[in-house]
Asks: 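Structure provided below as structure tokens; questions to follow.
One-based numbering, in listed order, for ligands and for the atoms of each. Everything numeric in this text was worked out from a predicted model, so none of it was measured.
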Amino acid sequence: MVEGPAPTSGDGTPAGDAAGKTEWRARILASRRTLDDETRSREAHALAEAVERLGPVGTLATYAPLPDEPGSGSPASPDSFVAAATRAARRVLLPVTPPAGPLSWSVYEGPRSVREGRFGIVEPIGPVLPPSELARADVVLVPALAVDLRGVRLGRGAGYYDRTLGHARPDAMLVAVVRDDDVVNELPEDPYDIRVGWILTPGRGPVRVPE
Ligand SMILES: Nc1nc2c(c(=O)[nH]1)N(C=O)[C@@H](CNc1ccc(C(=O)N[C@@H](CCC(=O)O)C(=O)O)cc1)CN2
Ligand SMILES: Nc1ncnc2c1ncn2[C@@H]1O[C@H](COP(=O)(O)OP(=O)(O)OP(=O)(O)O)[C@@H](O)[C@H]1O
């Protein structure tokens, strides 16, 4: 488990940075940079298998992993994270990243029907669907730098998913996807943070967050 920064009193914490989210991000990103290719690819493989086992479901919203995110690998590869999602669900949604605000969505139709969108993230070239499309998802795979045992997740700090997850159905399975090392005891939590109910790691597969 990655050690967090020393706890603070919580007094005078700047808005959007409850008790040092910035330090947490730097720590996790530094630890991910030390990973060798073999570990990265073994973990991506384990995650893809776990994603496939989440099915069968109707609609699954996932993300196309960036190089420093768990599950990264060529999206064209049949054992990639996104390809695994297509084996778990009849319909796969990928986010389309706007300049700000909640994420839009688009249906993934295969590795030939994608382009690089904002931040170099792979997104489908088909019609862009509004943020409310997330209400059709049975399962939502959410990228995270870390997640704690209560389901509080730490993202990259742009607030996209905090503004997005409110569109999910209350009964949808919200799953933070992280490395086993990125599951920590307690992260700082802001009032607008939306907790996930599940944590998916390469080592443990999907684990329900304790109530
Ligand atoms: N794979 C993936 N897709 C995703 C997300 C994500 O975290 N991972 N998002 C989750 O919200 C949304 C996009 N948000 C993002 C926010 C910041 C950065 C990023 O790379 N930030 C850089 C600084 C970038 C810059 O300004 O150029 C950084 O963190 O170092 C990437 C995606 C939607 N799609
Ligand atoms: N529902 C919301 N409405 C308006 N602003 C929000 C909302 N949620 C988050 N924000 C803003 O987004 C910024 C980033 O939030 P936070 O640090 O929690 O991001 P994150 O969860 O790490 O990132 P992400 O959600 O993109 O993965 C905060 O400064 C906050 O002001």
Side-chain angles (χ1 to χ4, degrees), residues 2 4-5 10 13-33 40 43-44 47-48 51 60-75 77 80-85 92-108 111 114-124 128-134 137 140-148 150-168 174-179 182 184 186-196 199-200:
V2 176
T13 302
D17 186 25
K21 283 186 174 180
T22 307
E23 285 92 330
W24 268 109
R25 286 190 187 100
R27 214 167 274 250
I28 305 278
L29 287 169
S31 108
R32 286 188 181 177
R33 276 194 291 273
R40 211 181 281 272
E43 292 188 352
L47 279 177
V51 166
L60 186 151
T62 181
Y63 60 95
L66 287 162
D68 65 356
E69 289 177 333
S72 74
S74 162
S77 148
S80 77
F81 193 70
V82 177
V92 170
L93 298 173
L94 283 179
V96 175
T97 309
L103 295 167
S104 299
W105 299 94
S106 188
V107 176
Y108 178 68
V114 298
R115 65 167 164 236
E116 275 191 18
R118 200 174 299 276
F119 303 116
I121 299 173
V122 166
E123 59 187 42
V128 177
L129 307 168
S132 58
E133 183 67 18
L134 192 63
V140 186
L141 302 183
V142 188
L145 291 177
V147 64
D148 79 12
R150 305 167 300 171
V152 176
R153 68 171 270 285
L154 179 74
R156 287 180 180 264
Y160 281 112
Y161 271 92
D162 292 325
R163 293 179 179 89
T164 295
L165 293 175
H167 289 280
L174 303 186
V175 188
V177 182
V178 291
R179 304 190 58 238
D182 306 335
V184 305
E186 193 173 324
L187 285 168
E189 184 175 31
D190 281 303
Y192 49 76
D193 284 331
I194 295 182
R195 293 187 184 189
V196 295
I199 300 173
L200 177 64

Asks: Verify, without hydrogens or angle tests, whether R163 (side chain) and L103 (backbone) share a donor-acceptor contact under 3.5 angstrom.
Replies: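 Looks like no, no N/O pair under 3.5 Å.
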Asks: For atom 25 (O) of ligand 2, which candidate among W24, Y63, Y161 provides the closest heavy atom?
Replies: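 Checking each option, the heavy atom nearest atom 25 (O) of ligand 2 is found in Y161.
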Asks: Checking a contact table here: which protein heavy atom is nearest atom 9 (N) of ligand 1, and how many Å away?
Replies: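 Sorting protein heavy atoms by distance from atom 9 (N) of ligand 1 puts Y161 CE1, 3.7 Å first.
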Asks: Does the side chain of S104 come within less than 4.5 Å of E133's, by heavy atoms?
Replies: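 When only atoms from C-beta onward are counted, S104 and E133 do not touch, as no gap falls below 4.5 Å.
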Asks: Under 3.5 Å, N or O to N or O, is G159 touching ligand 2 that way?
Replies: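 Yes, at least one N or O pair falls under 3.5 Å.
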Asks: What closest approach, in Å, do P70 and L47 show between heavy atoms, and which atom pair accounts for it?
Replies: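 In terms of heavy atoms, the two residues are closest at CB-CD1, 3.5 Å.
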Asks: Give the contacting part of L29 toward ligand 1: side chain, backbone, both or neither, where contact means a heavy-atom distance below 4.0 Å.
Replies: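 Near ligand 1, L29 shows nothing, with every heavy atom at 4.0 Å or more.
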Asks: Does atom 15 (C) of ligand 1 have a protein heavy-atom neighbour under 4.0 Å away?
Replies: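 Given the 4.0 Å cut-off, atom 15 (C) of ligand 1 counts as touching protein heavy atoms.
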Asks: Under a 4.0 angstrom heavy-atom cut-off, which atoms of ligand 2 come close to D193?
Replies: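 In order of numbering, the contacting atoms are 18 (O).
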Asks: Could you say whether the N/O atoms of G155 and ligand 2 ever approach to under 3.5 Å?
Replies: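 Yes, G155 has an N/O under 3.5 Å of an N/O on ligand 2.
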Asks: What's the shortest distance from atom 5 (C) of ligand 1 to any protein heavy atom, and which residue and atom give it?
Replies: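 Nearest neighbour among protein heavy atoms for atom 5 (C) of ligand 1, to 0.1 Å: P143 CG, 3.9 Å.
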Asks: Looking only at protein heavy atoms, which one is nearest to atom 29 (O) of ligand 1, and what is the separation?
Replies: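 Ranked first by proximity to atom 29 (O) of ligand 1 is R156 NH1, 3.5 Å.
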Asks: How far is atom 34 (N) of ligand 1 from its nearest protein heavy atom, and which residue and atom is that?
Replies: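 Going atom by atom, the protein heavy atom closest to atom 34 (N) of ligand 1 ends up being I121 CD1, 3.7 Å.
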Asks: For ligand 2, is D190 a contact, meaning one of its heavy atoms is under 4.0 Å away?
Replies: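 Per 4.0 Å heavy-atom rule, D190 does not contact ligand 2.
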Asks: Could you see which bit of E69 sits under 4.0 Å from ligand 1, with heavy atoms only: side chain, backbone, both or neither?
Replies: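 Side chain only.
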Asks: In the protein, which heavy atom is nearest to atom 32 (C) of ligand 1, and how far is it?
Replies: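 Going by distance alone, atom 32 (C) of ligand 1 is nearest to F119 CD1, 3.3 Å.
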Asks: Counting heavy atoms only, which of V152, D162, T164, T97 comes nearest to atom 16 (P) of ligand 2?
Replies: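 Answer by nearest heavy atom: D162.
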Asks: Does G155 come within less than 4.0 Å of ligand 1, judged by its heavy atoms?
Replies: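 No.
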Asks: Holding to side-chain contact (heavy atoms from CB on, under 4.5 Å), I want the full list of residues that pass it with P130, two or more places apart in sequence or in another chain.
Replies: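 Listed in chain order: S132.
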Asks: Heavy-atom distance to atom 14 (C) of ligand 2: which of A146, G157, G166, A176 wins?
Replies: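 Residue with the shortest heavy-atom distance to the ligand atom: G157.
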Asks: What about P95: any of its N or O atoms under 3.5 Å from an N or O on ligand 1?
Replies: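 For ligand 1, there is no N or O atom that lies under 3.5 Å from one belonging to P95.
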Asks: Let me know which of R32, R40, R156 forms a salt bridge (Lys or Arg N to Asp or Glu O under 4.0 Å) with D68.
Replies: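 When R32, R40, R156 are each tested with D68, the salt bridge (Lys or Arg N to Asp or Glu O under 4.0 Å) holds only for R156.
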Asks: Under a 4.0 Å N-O cut-off, is there an ion pair linking R150 with D193?
Replies: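 Here R150 does not pair with D193 in a salt bridge, since their nearest N and O are not under 4.0 Å apart.
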Asks: Any non-hydrogen protein atom below 4.0 Å of atom 22 (C) of ligand 1?
Replies: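 Protein heavy atoms within 4.0 Å of atom 22 (C) of ligand 1 - there are none.
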Asks: So which of R163, R156, R153, K21 gets nearest to atom 1 (N) of ligand 2, if we judge by its closest heavy atom?
Replies: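 Answer by nearest heavy atom: R163.
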Asks: OH of Y63 to OH of Y161: how many Å apart, nearest 0.5 Å?
Replies: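 Separation between the atoms: 8.5 Å.
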Asks: Check each of V196, V152, V184 against V147 using the side chain to side chain contact (heavy atoms under 4.5 Å, CB included) test, and report the only one that passes.
Replies: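 Testing each of V196, V152, V184 against V147, the sole residue satisfying side chain to side chain contact (heavy atoms under 4.5 Å, CB included) is V196.
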